[in-house]
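Convention: sequence-line order gives letters A, B, ...; per-chain numbering from 1.
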Amino acid sequence: MTQLEDLQRIASEETERRQGCRHRLCVCIAAGCVSSHSDQVQASLTNEVKRRGLEGQVEVRPVGCMGLCSAGPLVQEETSGVLYQHVRQEDAAEILDSLDAKPVERLRCDSGQPFFRRQQKIVLENSGVINPHRIEDYIAAGGYEALVQALTSMKPMEVVEEVIRSGLRGRGGGGYPTGLKWSTVAKAGGDKKYVVCNADEGDPGAFMDRAVLESDPHRVLEGMAIAGYATGADMGYVYIRAEYPLAIAHLRTAIRQAKKMDLLGNSICGTRFNFDVELRLGAGAFVCGEETALIASIEGGRGQPRPRPPYPAQSGLWGKSTLINNVETFANIAPIIRRGGDWFASIGTAKSKGTKVFALAGKIRNTGLIEVPMGVTLREIVFDIGGGIPGGHRFKAVQTGGPSGGCIPEQHLDMPVDYDSLREIGSIMGSGGMIVIDETSSMVDVAKYFMEFCMSESCGKCIPCRVGTHHMHGLLEKILEGHASAADVAQLEALCDMVMHTSLCGLGITAPNPVLSTLRHFRGEYEGLLQPAGGNGHASPSPAGGA
Amino acid sequence: MPIGPFKPAPPSDDKRWKIVAGTMRRHGETPNALIETLHTVQETFGFIDKDALRFVAGSLRVPLSKAYGVATFYHHFQMKPKGEHTCVICTGTACYIKGVPELLAVMRDEFGISPGETTADNRVSLLTARCVGACGLAPVAVVDGDVMGKLTASQLRERVGRCVRDDAA
């Protein structure tokens, strides 16, 4: 039986244990840094500590994502805050030598640079700080307090009201008010309800959810359990991509630990509330990010969407009322309960509250993961936090929202980032991928890339999407090869309109977005590739090409 | 749908079928377990062949046509055995604009394989991933589980070349 006092006892034991060590070296073990061999760095630091007999004094702690993936592997000395970049296993001895002396200058990464300073962290507050393999670390950071607080001092409806007050909107991209969704499920009848966490992060170029699950898996479980209590569900599923082996492993460990401590399972914290969580592995189908397709996939079938209504809140998994939220949405829940909906609502803009995690990638100096309050401008993200475009190249566009989103040109860079303003200029917030494109890339080629993606990911159930994406892809290829005329562009636009308005699910409805937004902002590039009227269709090949 | 206690026997007396049977048992041997079981088959055997599909479909009381439909719907499931080495090239947006077309050209021109294909000598299979989530290191390829970031065409040529000559580590 775990009560608030038990949590506090674990937290203070953990803090004491940590303070016993004079130095704490945090090594990032999230996928970005592991890809540049941070596991070897961790091992060599640990060996070096053992060799010197410093086990009680220096702790080498694996932590989650610190954000600046382009400088990985990252190592931070926690007490002094000194951050090291591009650390190799050979550097271990030098780093240990430096602990009681001056930092190793040649490895230093400026932790005061705008990349770190301009962020505001709620979802990622524990990322890069706690050890994701240990529940004690999470508890020491205030973890599971919100769950105990909800279970022992709040009625389910009060929890829902707190979420409504926070103004939190779905972080998967749609932006549907989370509180409203919760209250619909809470009010739905039936003997059985489910909570589903959508971790099928399919957008190419987006890795926010992966980082959260790898760095702080308990936060997501806590959010799900609170959702279960608020809506009356006793079973949760995390639908996660099989392509994320590290996140799967961290989640499995986390579920096991939480069950052992009675924070998941039967009679949580000695109350009558039961909540269990199981994983379901996705198998590489982008369409499964759509909620009805996701449900079909959890049920063991092909991931094909069905018409809505009925919405999953009324009839979802196995016909029961089901709450589906994204990883980042669940990650916001515990802080909202702990610090109140009003606190959350004080951050961000009038209609978009809180913060948003973005994955910065492409032609940008600081690639990695950032969390900023809603309402910052794209210019701040790209040029201050992101450090601008490397290699003396010029900024051309930033792509948000993946295959469902659009490209935003320079003249809109000063627009505040929130759900509504992005939609106004023809893109979407999406789940948070941001790809920066410089002048060496052709925007028509970018549009073709996304159309190829949608074409091969179309599940084939409805004709507009299955056939329409195929034809749009063909037209874009024709344009890029220099065989197209103005009539082809007109046909492309007509097809966009048709696919957008007649497709069954979000995949088809948004598939034309990359084409429409590039046509809107970069029409000149399309026109530059066209045959003059009356041409014979054998002009010179396209000058456009990738970098 | 077959009724009664009929349960198909494993396709062979390979011990690995016990692992597959274990997954099905854990999920109550219901049709819901189909995807989880196919994951297990692929993890233990490397791919899903027709015998495996028949065994799983029969055990879970799923029509074979449905099992085949599910197995071929998802990109992750492989119906053919892979080569001795695998090279997965990430085709996410960040990787794409940082030079995936060049990497794919190396595989096509130097090794004669396109995504989904295996070299004639069965040495190397080329796969593509939608996004491996290491966008900070784009472009990325994963060769035999080893993630190679900020990859150039010549590095890829060298690494895959080693696989072909089979003096890889």
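Note that the CG atom of B:Leu103 and the CD atom of B:Gln155 stand 9.5 Å from one another [nearest 0.5 Å].
Side-chain contact, B:Asp14 with B:Ser12: no donor N or O sits under 3.5 Å from an acceptor N or O. For the residue pair A:Ser517 and A:Ser427, no side-chain donor N or O sits within less than 3.5 Å of a side-chain acceptor on the partner.
Contact of A:Cys288 with chain B is made through the side chain alone, with heavy-atom distances under 4.5 Å. Only the backbone of A:Leu279 comes within contact range of chain B, judged by heavy atoms closer than 4.5 Å. With a threshold of 4.5 angstrom between heavy atoms, A:Phe450 approaches chain B through side-chain atoms but not through N, CA, C or O. When heavy atoms are compared at a cutoff of 4.5 Å, A:Arg210 approaches chain B solely by way of its side chain, counted from C-beta outward. Using a 4.5 Å cut-off between heavy atoms, B:Val132 touches chain A through its backbone atoms (N, CA, C, O) alone. Within the 4.5 angstrom heavy-atom criterion, atoms from both the backbone and the side chain of A:Arg280 approach chain B. Of the two parts of B:Ala134, the backbone and the side chain both hold a non-hydrogen atom closer than 4.5 Å to a non-hydrogen atom of chain A. With a 4.5 angstrom heavy-atom cutoff, A:Ile298 touches chain B only via backbone atoms.
Of the listed residues A:Gly402, A:Cys33, A:Gly303, A:Cys69, the one with more heavy-atom pairs under 4.5 angstrom with chain B than any other is A:Gly303. Chosen from B:Leu34, B:Ile35, B:Thr93, the residue pairing most often with chain A at heavy-atom distances under 4.5 Å is B:Thr93. Chain B forms more heavy-atom pairs under 4.5 Å with one residue of A:Ala206, A:Gly300, A:Ser35, A:Ala283 than with any other, namely A:Ala283. For chain B, the option among A:Ser456, A:Pro403, A:Ala71 with the highest count of heavy-atom pairs below 4.5 Å is A:Ser456. Put simply, of A:Val34, A:Leu68, A:Leu281, the one with the most heavy-atom pairs under 4.5 Å next to chain B is A:Leu281. Ranked by heavy-atom pairs under 4.5 Å with chain A, the list B:Ala138, B:Ala33, B:Ala67, B:Gly69 is led by B:Gly69. When A:Gly362, A:Gly460, A:Ala285, A:Ala359 are compared by the number of non-hydrogen pairs under 4.5 Å with chain B, A:Gly362 comes out ahead. Ranked by heavy-atom pairs under 4.5 Å with chain B, the first of A:Ala31, A:Gly72, A:Gly301 is A:Gly301.
For B:Thr118, the side chain to side chain donor-acceptor pair (under 3.5 Å) partners are B:Ser125, not counting sequence neighbours.
In the displayed structure, A:Lys192 atom NZ is contacted under 6.0 Å by more than 12 heavy atoms of other residues, nucleotides or ligands. Remark: B:Phe45 CZ is packed, more than 12 non-hydrogen atoms of other residues, nucleotides or ligands lying under 6.0 Å away. Within a 6.0 Å sphere centred on CG of B:Asp121, other residues, nucleotides and ligands contribute more than 12 heavy atoms.
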Please step through ring pair (Phe, Tyr, Trp, His ring centres under 6.0 Å) for the pair A:Phe286 and B:His75, ending with a clear verdict.
CA-CA 10 Å; A:Phe286 175 66; B:His75 301 300; over 10 Å; no
Using salt bridge (charged side-chain N to carboxylate O under 4.0 Å, His left out), reason through A:Glu201 and B:Arg130 one step at a time and then give a plain yes or no.
CA-CA 10 Å; A:Glu201 191 171 47; B:Arg130 274 308 176 195; over 6 Å; no
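Judged as a ring-ring contact (aromatic ring centres under 6.0 Å, His included), the pairs with a partner in residues 87-132 of chain B (not counting sequence neighbours) are, in order, A:Tyr449-B:Tyr96.
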